[in-house]
Amino acid sequence: MTPAPDSLAATLPPATQREAAHVAQDAFATIFRLTVDGAMPGRDAALAEVEQRCHNWCAAGDDAARALRRVVLVAGLDQWGLAYSQAFDLAAIPALSALLGSLRTAMDAGGEARFQRLFAQLDAIEGDAVDFKIELRRNIHLALWHAMSACDDTAEAQRIVRALGSLMLALTRRMPLLGWRLLADALASIQIRLLAAEKPVGGMAEEGTRQLFAALRQSLPPERYQAILALSGQAVLAWQQARRPAS
């Protein structure tokens, strides 16, 4: 089955959708870093700068574009927060909650109603803002994989692997048409990172990746797992061929 064309692409073109995913990633990365290092000098000013950048990004374009920009940015930040809360066993990320609250309270009653409608549409229709969804999920999965690879503690690395696997499986359930393709994209990206590493990767990265693939193989229907492997393998092969010097 093929999902319907992206009905939001006319308002928010694919390039802007991918930009939204990166704006959400950059904002969350700063917030998470400042949350971990709560005593960092200038923390409040840095958080205020992140908030202002997000508001500025949401203010571009006409009314329809501004409404949709706010929806995808909030959705992206929310998914980053959920992923990291699961992976690092966090009850809450107060600075992220404050930013999300600021983005929501900036709207009037009419804007809030439009926001709710578009947010529900984004969640319900798989093909809508699909470029945003692909970029967002790839970046979240890769970020958690890199965090796992950097772990010195085996138990901590395994906790992140479990959270990453859980997020991936949830994606296939929430998006029955496209989720497996997004998962294949993420697995291909992980394999490419391993192959492209200029320095030998640590044992934690390789072992964690093996555990991730094993967990997915055990949890997914065999035919779906094989389809994911085939699609991710095609992407890795295309990357390898593109790196070969022309004969």
Side-chain angles (χ1 to χ4, degrees), residues 12 15-116 118-120 122-123 129 131-133 135-153 155-157 159-160 163-164 166-167:
L12 203 67
T16 308
Q17 293 182 24
R18 291 189 289 271
E19 182 185 350
H22 287 285
V23 172
Q25 180 180 16
D26 291 344
F28 180 79
T30 301
I31 287 172
F32 190 73
R33 184 177 68 252
L34 295 173
T35 297
V36 172
D37 189 0
M40 179 183 293
R43 176 179 180 272
D44 291 344
L47 289 173
E49 182 181 352
V50 168
E51 179 179 340
Q52 189 59 54
R53 285 204 307 267
C54 288
H55 279 287
N56 290 345
W57 191 83
C58 292
D62 59 18
D63 287 346
R66 290 196 296 271
L68 194 49
R69 278 173 172 252
R70 192 174 300 272
V71 166
V72 294
L73 183 56
V74 167
L77 289 168
D78 188 59
Q79 291 187 43
W80 273 102
L82 176 62
Y84 268 60
S85 294
Q86 292 181 8
F88 296 97
D89 197 21
L90 300 173
I93 305 175
L96 176 61
S97 299
L99 174 58
L100 290 171
S102 174
L103 290 170
R104 296 291 297 271
T105 57
M107 297 179 288
D108 58 19
E112 176 65 24
R114 174 187 274 186
F115 178 94
Q116 294 284 5
L118 288 171
F119 196 90
L122 183 69
D123 183 61
D131 289 272
F132 162 75
K133 292 172 181 176
E135 194 73 15
L136 176 72
R137 284 295 180 167
R138 179 192 298 139
N139 294 343
I140 290 174
H141 294 152
L142 276 177
L144 289 177
W145 181 82
H146 280 294
M148 176 275 296
S149 302
C151 287
D152 296 322
D153 180 72
E156 182 180 0
R159 187 186 69 232
I160 297 175
L164 179 54
S166 177
L167 287 168

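Scope of the values below: all heavy atoms of this structure, side chains included, with no hydrogens, waters or symmetry mates.
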Next on the checklist: With heavy-atom distances below 4.5 Å as the criterion, would you say the side chains of Leu77 and Leu103 are in contact?
Outcome noted: yes
Checklist entry - From Thr105 OG1 over to Leu100 CG, what is the distance, rounded to the nearest 0.5 angstrom? => result 10.5 Å
Checklist entry - Does the pair Leu167 and Leu144 meet the rule for a side chain to side chain contact (heavy atoms under 4.5 Å, CB included), with working shown? => result CA-CA 10 Å; Leu167 287 168; Leu144 289 177; 3.6 Å; yes
Next on the checklist: Other residues, nucleotides and ligands only: do more than 12 of their heavy atoms fall within 6.0 Å of CG on Asp152?
Outcome noted: no
Checklist entry - Does any non-hydrogen side-chain atom of Gln79 lie less than 4.5 Å from one of Arg137? => result yes
Checklist entry - Does Glu49 reach the side chain of Thr30, with side-chain heavy atoms less than 4.5 Å apart? => result no
Checklist outcome for this item: The reported gap from CE in Met107 to CZ in Arg66 (rounded to nearest 0.5 angstrom) is 13.0 Å
Checklist outcome for this item: Here the gap from Ile93 atom CD1 to Leu34 atom CG, rounded to the nearest 0.5 Å, amounts to 12.0 Å
Next on the checklist: Please check this pair: side chain of Thr16 against backbone of Leu12, looking for a donor-acceptor N/O pair closer than 3.5 Å.
Outcome noted: no
Next on the checklist: For Phe115, is there any backbone N or O sitting under 3.5 Å from a side-chain donor or acceptor partner on Arg70?
Outcome noted: no
Checklist entry - Taking side chain as C-beta onward, heavy atoms only, is Asn139 less than 4.5 Å from His22? => result yes
Checklist outcome for this item: For Tyr84, the ring pair (Phe, Tyr, Trp, His ring centres under 6.0 Å) test, sequence neighbours excluded, returns Phe28, Phe32, Trp80, Phe88
Next on the checklist: Using 0.5 Å steps for rounding, measure from the CG atom of Leu99 to the CG atom of Leu47.
Outcome noted: 9.0 Å
Item to check | Check: Ser102 side chain, Ala98 main-chain N or O, donor-acceptor pair, under 3.5 Å | outcome: no
Checklist entry - Does Gln17 reach the main-chain N or O of Asp131 with its side chain, forming a donor-acceptor pair under 3.5 Å? => result yes
Next on the checklist: side chain to side chain contact (heavy atoms under 4.5 Å, CB included), that's the test. Do Val71 and Arg114 meet it? Break it down for me.
Outcome noted: CA-CA 9 Å; Val71 166; Arg114 174 187 274 186; over 6 Å; no
Checklist entry - Which pairs pass salt bridge (Lys or Arg N to Asp or Glu O under 4.0 Å) with one or both residues in residues 79-108, sequence neighbours excluded? => result Arg104-Glu112
